[in-house]
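Below you'll find the structure, written out as structure tokens, and then a few comments.
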Amino acid sequence: MSDDAGLSIGQEVTLTVDSLAFGGEGVGRSGGMAVFIPFVCPGETVQARVTEVHKRFARGELVEVTTASADRVTPFCPLYGRCGGCQLQHLDYPAQLAAKTRAVKDALTRLGRLPDVPVDDTVPCPLPLGYRNKIELHAFRADDGHTALGYHTRDEQGHIEVDNCPLAIPEVNQLLEQVTSAVRSVGWPAYDPDTTHGLLRMVGLRHAVSTREANLLLVTGRRDVPEKAAWVQALQQASGKLVGVRHVARTRASQSRLGRSVGELFGRPLRFKWGGLSLRVSPEAFFQVNDLLLDPLWEHIHDALAPEPADVVLDVYGGVGTYGLRLAHEVASVTIVEVDHAAAADAYGNARHNQLGNVTVVRGQAEQVLSSTARERKPTLIVLDPPRQGCSDGVLRVAAGQGARRIVYVSCDPTTLARDLAKLAGMGYNTTGVRPFDLFPQTYHVECVATLAQG
């Protein structure tokens with residue numbers, strides 16, 4: 001297959017890498033066509049083999065670096081290139097930060113048509129390695145037949161076994177070692193979604209540094225798990241830090257990503273201590289994976305909102321209440337909207353545990369409950385912290401229709417952020433600035449905080 005530019009699959013081309021796109025791939029040009037290549041650095045000249053040809057762009061694989069960038073470094077993980085978890089290990093950390101800043105600016109300019117929005121330099125992580133307090137590993141049948149735990153491969157067509165992840169904090173890696181040993185000892189087979197045979201689907205590991213507590217999320221392909229209670233007890237004894245294990249069954253009939261809870265929590269959720277709060281976080285609930293930047297992230301959100309004692313805060317997609325509860329001490333009231341059952345229950349429990357009587361938790365789909373909730377509360381400040389796909393038009397219309405003094409939009413995807421900021425601009429809210437935070441070093445992901453005010 002070839003196109004008007006003359007590119008064809010299998011062809012080798014020499015390219016100069018202009019920049020990194022959001023996603024971590026380098027962008028070069030051949031005959032005027034953009035070619036995306038992984039594992040390259042801006043400024044390099046490379047030899048690439050074309051693997052895909054489309055109407056407006058092509059993709060290739062790196063064959064050779066002809067002229068290397070001074071920013072190129074040796075990857076620290078032996079699985080890099082095969083594992084799908086990281087995309088930027090070959091790039092020096094300051095260059096990673098610069099690439100992420102440029103990716104955010106490009107998204108705002110090209111996708112959002114917002115070239116004049118100020119974008120700060122990306123805030124670095126104090127530890128570019130060993131920063132994740134949570135990892136999720138998939139179970140699969142290894143070549144020798146044993147049940148292995150690992151990540152998706154880069155092409156997402158398989159899995160790669162992981163016994164130590166350099167991005168995880170040491171306590172998580174220690175727990176991974178203990179869980180791997182426990183899985184092997186009990187002999188649970190990996191679940192095969194094609195045949196529905198087997199048992200173990202996934203494990204999620206999370207550790208709270210502030211309390212030295214850990215949780216495990218156990219996801220299986222059926223509800224009945226042999227020797228489950230004895231297995232959990234033995235693992236808790238081996239770990240010494242594992243305070244709770246949640247079992248979730250994700251069968252073929254399950255509709256949610258994780259599945260249907262079987263109603264069993266062995267032990268209790270762990271607790272994070274942060275900013276004077278004690279936060280309960282259930283194994284399946286969302287919480288930031290990087291403790292190291294939680295304070296700088298919060299401080300910027302706080303400064304962007306500039307809360308006053310009479311303010312009424314609406315925290316949409318509020319999770320376990322991380323930002324809303326922190327604001328509660330300074331404002332008249334806070335309403336947290338969250339669809340996930342576990343996270344909403346955590347937020348409600350956290351408000352009570354921290355004696356915050358001015359906090360209300362509304363559980364439900366934002367698109368369904370936001371209009372009535374906003375009408376009742378009349379918010380003056382709004383926090384939007386949606387999942388990667390961003391906000392629906394309905395949520396944006398309701399948020400923009402409240403006349404709030406400020407809206408702060410927290411996003412983990414610059415492309416959907418740019419799209420939504422453009423829509424909000426059309427609804428009367430201008431973006432006064434965006435600050436990226438590198439919550440995910442060695443990967444292409446970046447967290448952004450956008451500040452909006454009525455224009």
Side-chain angles (χ1 to χ4, degrees), residues 112 255-258 261 279 281-282 284-288 297-298 301 304-305 307 311-328 331 333-351 356 358-429 431 447-454:
Q255 298 300 311
S256 69
R257 181 182 69 87
L258 285 176
S261 173
L279 298 175
V281 181
S282 293
E284 64 269 48
F286 172 79
F287 192 75
Q288 289 290 2
L297 188 67
W298 156 252
I301 291 171
L305 288 171
D311 275 322
V312 175
V313 177
L314 182 58
D315 184 7
V316 190
Y317 313 99
V320 302
T322 311
Y323 305 133
L325 297 180
R326 192 78 183 263
L327 283 165
V331 299
S333 69
V334 174
T335 300
I336 296 169
V337 175
E338 173 57 47
V339 65
D340 181 73
H341 178 78
D346 285 344
Y348 177 76
N350 288 335
L356 298 170
N358 62 339
V359 175
T360 301
V361 178
V362 177
R363 179 177 172 259
Q365 196 82 29
E367 288 78 2
Q368 297 174 359
V369 303
L370 192 59
S371 182
S372 59
T373 300
R375 187 167 56 249
E376 293 171 6
R377 311 296 177 184
K378 296 181 173 54
T380 58
L381 298 175
I382 297 175
V383 178
L384 299 174
D385 189 3
R388 193 171 307 280
Q389 61 264 33
C391 296
S392 68
D393 288 350
V395 168
L396 294 176
R397 281 195 297 270
V398 173
Q402 303 310 305
R405 186 171 75 254
R406 297 274 179 87
I407 297 176
V408 165
Y409 191 130
V410 185
S411 169
C412 60
D413 190 317
T415 60
T416 55
L417 174 67
R419 177 200 69 198
D420 290 351
L421 294 184
K423 291 178 179 179
L424 286 168
M427 300 174 188
Y429 275 85
T431 305
E447 193 90 350
C448 292
V449 179
T451 307
L452 299 97
Q454 286 184 306

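Numbers here simply count residues along the sequence, with the first being 1.
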Side-chain donor-acceptor distances from residues 312-323 under 3.5 Å, at least two apart:
from	atom 1	to	atom 2	distance (Å)
Asp315	OD2	Gly324	N	3.1

Close side-chain approach of [X] to [Y], heavy-atom, < 4.5 Å:
X: Leu381; Y: Pro307; value: yes
X: Ile301; Y: Arg326; value: no
X: Leu327; Y: Trp298; value: yes

Identify the heavy atoms of [X] and [Y] that sit nearest to each other, and give their distance.
X: Ile382; Y: Ala399; result: CD1-O, 3.5 Å
X: Ala450; Y: Leu417; result: CB-CD1, 4.2 Å
X: Ala342; Y: Glu284; result: CB-CG, 3.5 Å
X: Ala343; Y: Glu338; result: CB-CG, 3.8 Å
X: Arg419; Y: Gly390; result: NH2-CA, 3.7 Å
X: Leu424; Y: Ala400; result: CD2-CB, 4.1 Å

Rounded to the nearest 0.5 Å, what's the gap from [atom1] on [X] to [atom2] on [Y]? Could you check?
X: Ser333; Y: Leu356; atom1: OG; atom2: CG; value: 12.0 Å
X: Lys423; Y: Ser392; atom1: NZ; atom2: OG; value: 8.5 Å
X: Thr335; Y: Arg377; atom1: OG1; atom2: CZ; value: 4.0 Å
X: Asn350; Y: Leu325; atom1: CG; atom2: CG; value: 6.0 Å

Result block: side-chain N/O donor-acceptor pairs under 3.5 angstrom for residues 406-414, not counting sequence neighbours:
from	atom 1	to	atom 2	distance (Å)
Arg406	NH1	Ala304	O	2.4
Tyr409	OH	Asp420	OD2	2.5
Ser411	OG	Asp413	N	3.0
Ser411	OG	Asp413	O	3.0
Asp413	OD1	Thr415	N	2.9
Asp413	OD1	Thr415	OG1	2.3
Asp413	OD1	Thr416	N	3.4

Completion exercise
Applied to residues 358-367, the salt bridge (Lys or Arg N to Asp or Glu O under 4.0 Å) test, sequence neighbours excluded, yields none
Practice task
Quick one: which residue pairs count as a side chain to side chain donor-acceptor pair (under 3.5 Å) with a foot in residues 340-349, not counting sequence neighbours?
Solution key: Arg280-Asp346, Ser282-Asp346
Handout entry: Residues which pass side-chain hydrogen bond (donor to acceptor under 3.5 Å, both in side chains) with Thr360, listed by chain and number, not counting sequence neighbours
Key = none
Problem - side chain to side chain contact (heavy atoms under 4.5 Å, CB included) assessment of Gln288 paired with Leu297 - result: CA-CA 11 Å; Gln288 289 290 2; Leu297 188 67; 4.0 Å; yes
Exercise for the section: Could you tell me which residues satisfy ring pair (Phe, Tyr, Trp, His ring centres under 6.0 Å) with Phe287, sequence neighbours excluded, listed by chain and number? Expected result: Phe272
